[in-house]
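Written out below as structure tokens is the structure these notes cover.
Scope of the values below: all heavy atoms of this structure, side chains included, with no hydrogens, waters or symmetry mates.
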Amino acid sequence: GKRVVSGANDGLVKISDPATGAEVLAMRGGIAAVVLCVGFSPDGKLVVSGSHHGMVQICDAATGAEVRAWAGHLAAVNSVGFSPDGRRVF
């Protein structure tokens, strides 16, 4: 199906149905800061997000469970994405 992912000032990453606008899933995981960037993996199974406080997080797009997180960037993470094969995060 078609879905849209968005980040918010409250630290939530939300997946919505673009046809209805209905929220399908909201996840926070380890990010407790403004979410600046988000993206789906090529297969749509994962969501990556980057925060104002330098954290990058990968979550399961079906359950919202955190898969992996990285902290320690010295500045805000303004852009994230997956490689075309879905094996790397940039």
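Scanning both residues, Val67 and Asp60, for their nearest heavy atoms gives CG2-N, 3.8 Å. The two residues His53 and Ala33 make their nearest non-hydrogen contact at ND1-CB, 3.0 Å. Scanning both residues, Pro42 and Ser83, for their nearest heavy atoms gives CG-O, 3.4 Å. Nearest approach of Gln57 to Arg28, heavy atoms of both residues: OE1-O, 3.4 Å. Shortest non-hydrogen contact noted between Pro18 and Val4 is CB-CG2, 3.6 Å. Nearest heavy-atom pair across Val56 and His73 is CG2-CE1, 3.8 Å.
Between the NZ atom of Lys45 and the CD1 atom of Ile58 there is a distance of 14.5 Å, given to the nearest 0.5 Å. Here the straight-line distance linking atom CG of Leu46 with atom SG of Cys59 works out to 9.0 Å at 0.5 Å rounding.
Using a 4.5 Å heavy-atom cutoff, the side chains of Val47 and Val13 are in contact. Here the side chains of Met27 and Leu25 are in contact, with some heavy-atom distance below 4.5 Å. In this structure the side chain of Phe40 reaches within 4.5 angstrom of the side chain of Ile15, judged on heavy atoms. Residues Val48 and Phe82 are in side-chain contact: their nearest non-hydrogen atoms beyond the backbone lie under 4.5 Å apart.
Cluster membership check: Val77 shares its hydrophobic cluster with Trp70, using side-chain heavy-atom separations under 4.5 Å among Ile, Leu, Val, Met, Phe, Trp and Tyr.
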